[in-house]
Amino acid sequence: MFRVTIIYPDQPGARFDQDYYLKKHVPTMKQLLQGMPGFLNISVERSFDASSWGASFALMTCHYTFDSLQNTMLAMSDLAGQMRADIPKFSNVVPTVYVNELIQSHSSDEVISRFGDSMLSDLPSSWMAPR
């Protein structure tokens with residue numbers, strides 16, 4: 001599985017309309033993505049600073065999960081423009097975008113793993129986060 005993670009960083013002067021984001025943006029993206037091959041789910045997180053349980057480095061984080069790198073690239077290529085065009089309606093922050101391969105997931109009674117070549121070399125360089 002592959003996950004596109006979009007992080008809206010907290011920074012001085014940042015504006016983020018959580019109500020619009022959760023009630024309009026996310027449902028719209030879900031509706032658009034449901035028609036794309038290999039789309040599995042969307043999850044949204046509000047971050048907290050674990051050291052003090054206060055403010056965090058991110059205003060909001062969203063994950064889009066797909067069954068393969070090919071379907072991830074297809075969906076993001078087709079919908080990236082629409083996603084970006086909606087951002088000014090809820091934020092003045094430029095999000096950071098990561099694409100990750102889910103290689104291991106644990107639950108209380110099972111372990112799901114995938115090891116081997118990750119195919120990340122197939123990603124467009126513009127998708128890679130600076131290190």
How many angstroms lie between atom [atom1] of [X] and atom [atom2] of [Y], to the nearest 0.5 angstrom?
X	Y	atom1	atom2	result
Lys23	Gln18	NZ	CD	10.0 Å
Leu102	Asp67	CG	CG	12.5 Å
Asn41	Met1	CG	CE	8.0 Å
Met36	Leu79	CE	CG	5.0 Å
Leu32	Asp78	CG	CG	10.5 Å

If I compare all heavy atoms of [X] with all of [Y], which pair ends up nearest, and what's the gap?
X	Y	value
Ile42	Leu33	CD1-CD1, 4.2 Å
Pro95	Ile6	CB-CG2, 3.6 Å
Leu22	Pro27	O-CD, 3.3 Å
Phe66	Pro37	CD2-O, 4.5 Å

Set of residues satisfying side-chain contact (heavy atoms from CB on, under 4.5 Å) with respect to Ala80, sequence neighbours excluded =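 Applying side-chain contact (heavy atoms from CB on, under 4.5 Å) to Ala80 gives Arg84.
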More than 12 heavy atoms of other groups within 6.0 Å of Gln70 CD =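 Result for CD/Gln70: open.
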Got more than 12 heavy atoms from elsewhere within 6.0 Å of CD, Gln31?
->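 At most 12 heavy atoms, drawn from other residues, nucleotides or ligands, come within 6.0 Å of this atom.
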Ser91 (side chain) donor-acceptor with Arg15 (main chain) under 3.5 angstrom | yes
With no hydrogens and no angle check, is any side-chain donor or acceptor of Asn71 less than 3.5 Å from a backbone partner on Phe2?
-> no
Sub-4.5 Å side-chain heavy-atom contact between [X] and [Y]:
X	Y	value
Thr61	Tyr8	no
Cys62	Thr5	no
Thr28	Asp86	no
Pro9	Leu59	no
Met60	Glu45	no
Met83	Met29	yes

May I have the step-by-step check of side chain to side chain contact (heavy atoms under 4.5 Å, CB included) for Ile7 and Tyr98, ending in yes or no?
-> CA-CA 8 Å; Ile7 300 171; Tyr98 296 92; 3.7 Å; yes
Tell me, with the steps shown, if Thr65 and Arg3 meet side chain to side chain donor-acceptor pair (under 3.5 Å).
-> CA-CA 4 Å; Thr65 307; Arg3 187 171 290 153; 3.3 Å; yes
With ring centroids as reference points, do Phe39 and Tyr64 lie under 6.0 angstrom apart?
->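 That pair fails the under 6.0 Å test.
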Evaluate the side chain to side chain donor-acceptor pair (under 3.5 Å) criterion for residues Ser43 and His63: first the C-alpha distance (whole Å), next the side-chain angles of each, then the deciding distance (0.1 Å), finally the verdict.
-> CA-CA 5 Å; Ser43 62; His63 305 280; 4.7 Å; no
Test side chain to side chain contact (heavy atoms under 4.5 Å, CB included) applied to Phe16 and Val93, step by step | CA-CA 8 Å; Phe16 196 92; Val93 173; 5.9 Å; no
Should the ring pair Phe90 and Tyr20 be called parallel, tilted or perpendicular, given that the plane angle runs from 0 to 90° and is split at 30 and 60?
-> parallel
